[in-house]
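Below: the structure, in structure tokens.
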Amino acid sequence: MSRRQYPFHLIEPKWQAKWNTEQTFRAWNPGETIPERHPFGVRHALGGQAPEASQLPPKFYILDMFPYPSGAGLHVGHPEGYTATDILSRFRRAQGYNVLHPMGWDAFGLPAEQYAIKTGQHPRITTNQNIATFKRQINSLGFSYDWSREVDTTDTGYFRWTQWIFLQLYNSWVNPATGKAENISTLVFPAECNTEDLKRKYCDSRRLAFVSEAPVWWCPDLGTVLANEEVVDGKSEVGGFPVVRRPMRQWMLRITSYADRLLADLNTIEWSDSLKKMQQDWIGRSEGAEVDFALPGRPEKLRVFTTRPDTLFGATYMVLAPEHKLVSEITTPAQREQVQAYQAAVGRKSDMERTELAKEKTGVFTGAVAINPVTNQPIPIWIADYVLASYGTGAIMAVPAHDTRDFEFAQRFGLPVVQVVAPPDANTPWQGFTDDGTAVNSSGASLNLNGLRTPDAKRKIIDWLEAQGFGKRTINFKLRDWLFSRQRYWGEPFPIVWKKDIDGTLYHQALPETELPLVPPALEEYKPTASGQPPLARAQEWVHLADGSEREVNTMPQWAGSCWYYLRYLDARNSNRFVSSAAESYWMGTAGKTTKATPGVDLYVGGTEHAVLHLLYARFWHKFLFDLGQVSTAEPFYRLVNQGLILGEDGQKMSKSRGNVVNPDDILVEYGADAFRLYEMFMGPLQDTKPWNTSGVEGVYRFLGRVWRLFVDEASETEYEQSCTTLAPEQQANLLASTIRLHLSIQDVTPDKAQLKSLHACIKKVTEDLEALRFNTAISAMMVFVKDAIEWKQRPASAMGTFLQLLAPFAPHVAEELWEKLHGGLGKAVPSLSYQAWPTFDASHLVEDVIEVPVQVNGKLRDVISVATAATNQEVEAAALASEKVQSFMVGKTVKKVVVVPPKKLVNIVIG
RNA sequence: GCCGCUGUGGCGAAAUGGCAGACGCAGGGGACUUAAAAUCCCCAGACCUUAAAAGUCGUGCGGGUUCAAGUCCCGCCAGCGGCACCA
């Protein structure tokens, strides 16, 4: 290894240890006693007091997506977001905020369980080891987390409250009158619910946590069911194993009751457009109508959902999903064989095959017809797998003229195509025209849509359908209820028992809150049972209760713990409540003196992979808790930023198999944490995807070396190096502090004009860039300052100290060390740089006597002239025209126009 | 197929409609050194010339608006991401 630029290997552990023992980054809740000498107390004159919320400075809550502590440890992608939030946290602290910046572990999950199946080692042990590794690595980067608030989703003190929230969901329903969740006890039973059993069923059909027998995604390789959001292209998101559709008894959460609010409230939060779009698409709201078609000779109606009721006159056939329950009833004997064969063929197809796009439309005629309510004509009913049982009513009216899929189907099977919409542009062919236009061929006995523009036609026909009792306005969502149970061991057990009725039917019942936490039983064997039961079923003594009831043996999905961890941080050690209302309203609300703060989490940074999983689930739980009055905001994460992916040096996604994974530990040994942090931020904009380049680390490392040498006398450093070789690291650190002297150029003098200009330009740029999360350009501004300062014969201590304050959020270790040297001299105690007030920028220092103004002729740069700052536009123009270079371009031409861009930015002379 | 984002030197990138390429990497030259490393200084978009200067072209492609376009508008192309028979 080459000679170190500066002794980061001594500085970094020294400051990390100091921050740890002094609890420098402890965030204070209202009512907590702040120690006398804590730098936060000193800064805000609150030392030794226990201030109320109104006495505390404004809060700022900066949150990272907490990691799953895998066995592989940290890779360089993790610290990207963590570094950004840490810089912001340190910046906000300096600005005087009470900053909450916590970290924890999303530690339930499959890898620890699979390791347990392989080796028999309890997931608790694996998890603890992995957490220890992660924590060591995270700490080695000098992040300013308040570890007193660390959470671990697998800790009983944590998951008892996950189970508690589940019980609240179980005991709640959404009142359609208010659209909000209430306790199940407010349900009013209809008259026909006159037995305990019927009442129970009525409640169960409305609970936000309920049991369903519907078909679910079963992943044989993982031995568990998965949520819609966890299935990607017919494979499991984790591991990429095939999944099959299979009816099973499962726990669901009624997230669909919140679909509307989850969509609408996206407008109240600052997330990227693309992320909002992903959630919007996932929720998939569409407005339209349900229309009933009569079935000749049958009492029931065939109900369809359509977003284009205005095209009803063009509905020439109907299509049912092959699984639709009416299919077997309406199919004529002549068609039965064909229909059943088709149903069987579809059932054998994987989901992948069914949604494959290139394939031709398939389907079979049922032999039955339905009556089009506007034309009164019979139209044939088909079944086809392009209609999905799970969306709308599982049946459609087909308007081949104005729907691409219906058109393809009609072409294939020779079904009639009737135009009912005229495109706005007469040259556009009407066949397959799916946009808005004008209704044509759309009149009947009591309804005429002809000539109406599509939106008006929709309105008119829905009014007509409602008046006639043929249908009604409806909104449909793509969002499905959330499948909430898994057949795993390493997850939260459900606080539910199953009881038997007198007649032997099973029903579920919640455990009382006093029995929480419900801890998973000890097992010898973590595999599912031979009969396919979840692993918890192996613990017979745990499952079977004295009263004959049995415990639920499914567990909650990994998402459960991450749905509310950001709330637990607010009051992480509270054993009476999941969070106290005082802590919740101070950190999440806008109460008290938090004028500059925003409601909820002020900034949440994480990867984009959670766009429709964690971020949707957490919003759902938060809204539910809001309805119950448990939290004070409707949204949890006010502002969210997705950090971009860091690719390997080869420009490919980092992966073990490609061998391009960069381990932060290796970088730290060679260059130190400050250089690592600086490089992660210098690579490019936080949100962008960008490749790693280790020699880029070298660049910022050299920069830190230059900073060091600005402040430190090299002769004293050589002295130190010669005498420390035989000492232990701790003694080396002491020697470092006592031997190394400040650079002789550092003097107690007033900065001159040029120095103030350099410094204030840097303050301005760094401050503005931090506000806007432009870390890369903030760093280049500091590099420019250092270039200037290297030239200075005298380096004013005050200006150099201010620079260290700007550097501190990015490279806190070296900044603290130099700050201490600058202010403390030898052995004198200096308060941590972390709570020094952020420097303010003074524009008057940037004013120059003479300004260089570029001069263009016909838009091309021809000269740069110097003009006095006080010069008027006329004087600038005259000076520009007088320039010799400019003159040479104007020979034989006339000046048509002169544009002078204030304030002395540029002159453009237009000639011709 | 639909939606969103992004296209700038050899590379990562910068630029409220106003000097394109700040800052950094890699590269070249020099100083220091017995030498190397480290450090410090200088050069560095392409082209064409030149003794030097100057000049021409340049932000994916084609148009447009403007005194002035990487930036705004229209039409393409490519890459990345999301959704994908959602009626």
Side-chain angles (χ1 to χ4, degrees), chain A residues 1-5 233 272-282 284-286 288 304-308 311 319 354-359 361 384-388 390-399 402-406 408-409 434 476-480 608-609 611-612 642 644-645 649 651 678-679 682-685 687-700 702-703 705-706 709 714 765 774 776-784 787 790 852-864 885 888 896-902 905-911:
Chain A
M1 191 174 28
S2 55
R3 183 179 187 265
R4 280 191 196 92
Q5 289 274 348
D233 290 338
S272 71
D273 288 342
S274 64
L275 190 60
K276 285 186 182 182
K277 191 78 184 23
M278 278 190 228
Q279 291 221 342
Q280 280 163 13
D281 289 348
W282 192 264
R285 180 182 198 268
S286 35
V304 303
F305 173 73
T306 177
T307 54
R308 293 299 298 272
T311 61
V319 187
R354 223 179 127 161
T355 58
E356 208 178 310
L357 252 186
K359 81 178 163 102
K361 293 272 181 293
D385 66 358
Y386 82 90
V387 173
L388 308 174
S390 56
Y391 184 76
T393 62
I396 62 158
M397 63 178 212
V399 184
H402 307 295
D403 181 280
T404 319
R405 298 147 301 177
D406 296 347
E408 282 169 20
F409 192 82
T434 57
N476 247 302
F477 292 94
K478 281 203 280 187
L479 185 68
R480 301 271 76 95
T608 187
E609 66 273 18
V612 289
N642 286 126
L645 206 60
E649 297 210 71
L678 215 50
Y679 176 65
F682 189 61
M683 291 169 79
Q687 291 91 336
D688 286 11
T689 298
K690 45 215 175 269
W692 179 268
N693 178 6
T694 298
S695 59
V697 185
E698 209 134 356
V700 293
R702 277 201 281 263
F703 161 69
R706 279 192 282 270
R709 292 188 296 272
E714 282 195 74
K765 184 81 178 130
R774 289 187 300 251
N776 54 334
T777 49
I779 293 167
S780 53
M782 292 189 285
M783 289 172 166
V784 171
K787 262 189 186 172
I790 279 175
E852 307 242 290
V853 179
V855 181
Q856 298 179 334
V857 177
N858 281 351
K860 281 182 184 159
L861 179 73
R862 297 303 183 187
D863 199 6
V864 178
K885 282 187 191 158
S888 69
K896 282 185 175 168
K897 189 176 180 183
V898 179
V899 181
V900 181
V901 183
K905 268 254 168 84
L906 173 139
V907 178
N908 190 14
I909 300 165
V910 187
I911 58 174

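For the numbers below, each heavy atom of this structure counts, side chains included, while hydrogens, waters and symmetry mates do not. Predicted model, so just to flag it, every value in this text is computed and none were measured. In what follows, chains are A, B, ... by sequence order, proteins preceding strands, each numbered from 1.
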| remark: For A/K905, the side chain to side chain contact (heavy atoms under 4.5 Å, CB included) test, sequence neighbours excluded, returns A/V901, A/P903
| task | Measure from CE on A/M782 to P on B/rC23 and round the result to the nearest Å. | result | 15 Å
| query | Which nucleotide in the set B/rA13, B/rA84, B/rG81 lies at the smallest distance from any side-chain heavy atom of A/M278? | reply | B/rG81
| query | Taking CH2 from A/W282 and C1' from B/rA84, how many angstroms apart are they, rounded to a whole number? | reply | 11 Å
| query | B/rC85 C1' sits how many Å from A/D406 CG, rounded? | reply | 10 Å
| said: For A/F682, give me all partners under ring pair (Phe, Tyr, Trp, His ring centres under 6.0 Å), at least two apart in sequence or on another chain. | reply: none
| query | When you match A/M683 and A/D403 each to their closest nucleotide on RNA chain B, which lands nearer the 5' end? | reply | A/M683
| request: Name the closest nucleotide to the A/I396 side chain, picking from B/rG24, B/rC67, B/rA87. | output: B/rA87
| query | side chain to side chain contact (heavy atoms under 4.5 Å, CB included) with A/Q279: which residues, sequence neighbours excluded? | reply | A/L266, A/W271, A/L615, A/L616, A/R619
| query | With A/T608, which residues qualify under side chain to side chain donor-acceptor pair (under 3.5 Å), at least two apart? | reply | none
| message | If you assign each of A/G284 and A/K897 to its closest nucleotide in RNA chain B, which residue comes earlier from the 5' end? | response | A/K897
| query | Do the non-hydrogen side-chain atoms of A/D406 and A/Y386 ever get within less than 4.5 Å of each other? | reply | yes
| request: Rounded to whole angstrom, note down the P distance from B/rC83 over to B/rU66. | output: 43 Å
| task | Can you tell me, in whole Å, how much space there is between the C1' of B/rC48 and that of B/rC42? | result | 25 Å
| message | Rounding to an integer number of Å, can you tell me how far A/Y679 OH sits from B/rC23 C1'? | response | 13 Å
| Is the distance from OP1 or OP2 of B/rU39 to the nearest side-chain N or O of A/Q5 less than 4.0 Å? | yes
| Can you list the residues that meet the side chain to side chain donor-acceptor pair (under 3.5 Å) rule with A/K276, with sequence neighbours excluded? | none
| said: Closest approach to the side chain of A/T306, judged atom by atom: which nucleotide of B/rA87, B/rC23, B/rC67 is it? | reply: B/rA87
| task | Answer with base, sugar-phosphate or nothing: what part of the nucleic acid does A/K276 contact at a heavy-atom distance below 4.0 Å? | result | nothing
Protein and nucleotides 26-32 of chain B: nitrogen or oxygen contacts under 3.5 angstrom:
unit_1: B/rA26; atom_1: OP2; unit_2: A/R702; atom_2: NH2; d: 3.2

| P atoms of B/rC73 and B/rG17, separation to the nearest Å | 12 Å
| task | Would you mind classifying the nucleic acid contact of A/R480 as base, sugar-phosphate or nothing, using non-hydrogen atoms under 4.0 angstrom? | result | nothing
| field | Nearest-Å distance once atom P is located in both B/rA20 and B/rU34 | value | 47 Å
| remark: Nearest heavy-atom contact between A/G651 and A/P691 is CA-CB, 4.4 Å
| said: Whether A/K277 and A/D281 form a salt bridge (side-chain N of Lys/Arg under 4.0 Å from carboxylate O of Asp/Glu) is what I want to check. | reply: yes
| message | OP1 or OP2 of B/rC40 versus the side-chain N and O atoms of A/R706: is any pair under 4.0 Å? | response | yes
| Nucleotide of B/rG12, B/rA87, B/rU39 approaching A/T307 most closely (side-chain heavy atoms) | B/rA87
| request: Please list, chain by chain and in numerical order, all residues satisfying side chain to side chain contact (heavy atoms under 4.5 Å, CB included) with A/T404, sequence neighbours excluded. | output: A/E408, A/T434
| remark: Tightest non-hydrogen contact, residues A/W282 and A/V612, listed as CB-CG1, 3.6 Å
| remark: From CD of A/Q687 across to C1' of B/rA13 the rounded distance in Å is 15 Å
| query | Looking for any heavy atom pair under 4.0 Å, which part of the strands does A/S286 touch: base, sugar-phosphate only, or nothing? | reply | sugar-phosphate
| message | So, does A/K690 get its side chain near the phosphate of B/rC25, meaning an N or O under 4.0 Å from OP1 or OP2? | response | no
| Rounded C1' spacing from B/rG24 to B/rG9 in Å | 14 Å
| said: I'd like the P distance from B/rC40 over to B/rC57, given in whole Å. | reply: 40 Å
| request: Could you list the residues that satisfy side chain to side chain contact (heavy atoms under 4.5 Å, CB included) with A/N858, not counting sequence neighbours? | output: A/V910, A/I911
| message | Would B/rG9 be called syn or anti here, given the cut-off of 90° from 0? | response | syn
| said: Distance check needed: B/rC5 C1' versus A/D281 CG, whole Å only. | reply: 14 Å
| When rounded to the nearest Å, what value does the distance between C1' atoms of B/rC80 and B/rG63 take? | 27 Å
| Given atom CD1 of A/I779 and atom C1' of B/rG24, what is their separation to the nearest angstrom? | 10 Å
| By side chain to side chain donor-acceptor pair (under 3.5 Å) - contacts of A/R774 (at least two apart) | A/D769
| said: Tell me whether A/N908 contacts the main-chain N or O of A/G859 through its side chain, where contact means a donor paired with an acceptor under 3.5 Å. | reply: yes
| remark: In B/S/- notation (B base, S sugar-phosphate only, - none; protein heavy atoms under 4.0 Å), nucleotides 14-22 of chain B written 5' to 3' is S-B-BB--B
| said: Distance criterion of 3.5 Å, no angle test: do you see the side chain of A/K277 paired donor-to-acceptor with the base of B/rC83? | reply: no
| Nearest-Å distance, NZ (A/K478) to C1' (B/rC3)? | 11 Å
| request: Answer yes or no: does a side-chain N or O of A/R4 lie under 4.0 Å from OP1 or OP2 of B/rA38? | output: no
| task | Rounded to whole angstrom, note down the P distance from B/rU56 over to B/rG4. | result | 41 Å
| note | By side chain to side chain donor-acceptor pair (under 3.5 Å), A/R709 pairs with (sequence neighbours left out) A/Q5
| said: Both atom distances under 3.5 Å, Watson-Crick or G-U wobble: I'd like the secondary structure of RNA chain B as a dot-bracket string, with | for pairs made across strands. | reply: (((((((..(((.....[....))).(((((.......))))).(((.......)))..(((((..]....))))))))))))....
